[in-house]
Protein chains: 2
Amino acid sequence: MEADIFKALADPNRRAMLERLASGELTGSALGEGFAISQPAMSQHIAVLRGAGLIRERREGRSVHYAVNPDGMAPLHDWLSRYQAFWPERLGRLKDFLKEMDQ
Amino acid sequence: MEADIFKALADPNRRAMLERLASGELTGSALGEGFAISQPAMSQHIAVLRGAGLIRERREGRSVHYAVNPDGMAPLHDWLSRYQAFWPERLGRLKDFLKEMDQ
DNA sequence: CCAACACATAAGCCAATACTTATGAGTCGC
DNA sequence: GCGACTCATAAGTATTGGCTTATGTGTTGG
C-alpha cells in the first residue's frame, strides 16, 4: 500500500497529474492536455495512481471523470508524521495555521 | 529537490533505513545490519538519501555517523499540505494532538 | 449499423536504477 | 608501517519502469 503510494509519487508526470486534479475533477482527455505524452502513457499513469488509491474514477458515458481520492494520501501523511519530532518549528507554523482556521 | 525526495523514498530499503535512523544516529555498519544487501549497496543508498537532503553525516574516526536531517522532509510536507483540503477529519485529529502537546 | 470518440490493454523498446564483485582511500591498533 | 577495519567508488549486469505503436472494448451520434 504505502509502497505503492511512494512509487506512484516518484514520477513527475504523475505528480503533475495529481496537482491538476487537486483543482477539481477532470476527464481523461482533459487531464491529458498539456502533457507531452501519448494517450496510452496517460492511461498507464492513471492506472498506477488508481492502484495506489490516490484517485477515484466515475464513468459517465464514454468518458471517465477522475478526481483525487479524499484519503488516498492518508498513509503517506501517517508515515511522514513519524518524522514530525524532527521539525518542531514547522509544528509551530502549523499550529498558527490551525488557529487561523478556527476563526 | 522535491523530485529527489520522492525518488529517494520510492525505494523500500531506503525507507527502512530512514525509519531505523529515526530512532537515533547510527554508523554505516550498524545501519547496515539486518539488511540483506551488500555494503556498497548500502553506501549507494546512503548517497541517494544524502543527495535528497534527508540525512546528515558526521565523520568520527574511520566510521561515519548518519542521522535524519531535521528538516529534510519539509518539502515533502509542504507538497503534501496541498492535499490537506481533502482530509478535514485528519486535521481535526492533528489539532487534538497539538492541543495535547501544549500541556 | 457504422464511423468517430474515449479510454484500456498488449507488446516491444530504451533508459534508469538497484544490485553485484573488485578495488580505492582514509583510519586505527599493534 | 602493516594488517584490519569502515566506508566510497568503479564497472558490469539484470531488472524495473516509462514510453511508443498497434489494437481492443465500450459509447455515442447520424
Worksheet item: Across the strands shown, which category fits S29(B) at heavy-atom distances under 4.0 angstrom: base, sugar-phosphate, nothing?
Response: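 Sugar-phosphate: the residue S29(B), judged by heavy atoms under 4.0 Å, touches backbone atoms but no base.
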
Item to complete: Quick one: label S63(A) by what it contacts on the DNA or RNA (base, sugar-phosphate, nothing), any heavy atom closer than 4.0 Å.
Response: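 Sugar-phosphate contact only - S63(A) comes under 4.0 Å of backbone atoms but never of a base.
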
Roughly, in whole Å, what's the span from [atom1] in [X] to [atom2] in [N]?
| X | N | atom1 | atom2 | answer |
| --- | --- | --- | --- | --- |
| R59(A) | dC7(C) | CZ | P | 9 Å |
| H65(A) | dT27(D) | NE2 | P | 14 Å |
| N13(A) | dT20(D) | CG | P | 10 Å |
| Q39(B) | dT20(C) | CD | C1' | 12 Å |
| R58(A) | dC7(C) | CZ | P | 12 Å |
| H45(A) | dG17(D) | NE2 | C1' | 10 Å |
| R14(B) | dT17(C) | CZ | P | 9 Å |
| D4(B) | dA16(C) | CG | P | 15 Å |

Looking at the side chain of [X], which of [options] is the nearest nucleotide?
| X | options | value |
| --- | --- | --- |
| Q44(A) | dA10(C), dG17(D), dC7(C) | dA10(C) |
| R62(A) | dG26(D), dC28(C), dC7(D) | dG26(D) |
| P40(B) | dA10(D), dT20(D), dG18(D) | dA10(D) |
| D11(B) | dC7(C), dC7(D), dA18(C) | dA18(C) |
| I37(B) | dA16(C), dT20(C), dC7(D) | dT20(C) |
| A41(B) | dA18(C), dC19(C), dA8(D) | dC19(C) |

Item to complete: Check for a donor-acceptor pair, side chain of D71(B) on one end and backbone N or O of A74(B) on the other, with a separation under 3.5 Å.
Response: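 No.
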
Determine: side-chain N/O of [X] to OP1/OP2 of [N], distance under 4.0 Å, yes or no.
| X | N | answer |
| --- | --- | --- |
| Y66(A) | dA6(C) | no |
| K7(A) | dT16(D) | no |
| S43(A) | dC7(C) | no |

Test of understanding: clusters of I, L, V, M, F, W, Y form through side-chain heavy atoms closer than 4.5 Å, transitively. Do [X] and [Y] belong to the same one?
| X | Y | value |
| --- | --- | --- |
| M73(A) | L80(A) | yes |
| I46(B) | V64(B) | yes |
| L49(A) | I37(A) | yes |

Practice prompt. Using the closest heavy atom to pick a nucleotide of DNA chain D for each, name whichever of G61(A) or I46(B) lands nearer the 5' end.
Written response: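 It is I46(B) whose nearest nucleotide is closer to the 5' end.
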
Worksheet item: Run the side chain to side chain contact (heavy atoms under 4.5 Å, CB included) check on F35(A) and R20(A) step by step: do they pass?
Response: CA-CA 11 Å; F35(A) 286 90; R20(A) 286 203 63 185; 3.9 Å; yes

